[in-house]
Amino acid sequence: MTGLWLLPRQSKPRQLIEMSATFGKFSNEGLGTPPGVWISRQTYDGVHSETKG
């Protein structure tokens with residue numbers, strides 16, 4: 001399980017996401033894109049190969 005929390009300086013922490021995934025990387029703001037975080041999530045259902053990715 002991966003959990004992503006927002007830890008603001010002046011208010012209470014809050015969880016933004018919790019899911020079965022792995023942390024990828026943080027991305028900085030630049031080239032017209034907002035900052036963010038990459039997570040890797042497997043969607044394979046164990047039966048249908050088209051759900052891999």
Side-chain angles (χ1 to χ4, degrees):
M1 290 299 286
T2 295
L4 183 64
W5 287 78
L6 178 62
L7 305 172
R9 291 184 189 268
Q10 296 182 354
S11 60
K12 295 172 70 174
R14 64 183 169 117
Q15 189 171 21
L16 300 176
I17 192 169
E18 181 180 49
M19 65 185 334
S20 180
T22 58
F23 171 74
K25 64 178 182 174
F26 285 104
S27 59
N28 294 329
E29 184 176 11
L31 302 174
T33 59
V37 63
W38 289 78
I39 58 172
S40 299
R41 182 175 69 141
Q42 180 61 261
T43 58
Y44 182 50
D45 67 3
V47 178
H48 302 94
S49 61
E50 67 274 9
T51 63
K52 278 193 160 188

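Heads up: numbering here begins at 1 and tracks the sequence.
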**Request:** With rounding to the nearest 0.5 Å, note down the distance linking CG in Leu7 to CG in Leu16.
**Result:** 9.0 Å
**Asked** How long is the span from the CZ atom in Arg14 to the CG atom in Leu4, to the nearest 0.5 Å?
**Response** 10.5 Å
**Prompt:** Hey, does the side chain of Thr2 reach the backbone of Ala21 with a donor-acceptor pair shorter than 3.5 angstrom?
**Reply:** yes
**Complete:** Sorted by chain and number, sequence neighbours left out, side-chain contact (heavy atoms from CB on, under 4.5 Å) with Pro34 holds for none
**Message:** I need the minimum non-hydrogen distance between Ser27 and Val37, along with the two atoms involved.
**Reply:** OG-N, 4.4 Å
**Fill in**
Rounding to 0.5 Å, atoms OG1 (Thr22) and CH2 (Trp38) come to a distance of 13.0 Å
**Message:** Between Ile39 and Met19, is the side-chain contact (heavy atoms from CB on, under 4.5 Å) condition met? List the steps.
**Reply:** CA-CA 10 Å; Ile39 58 172; Met19 65 185 334; 3.2 Å; yes
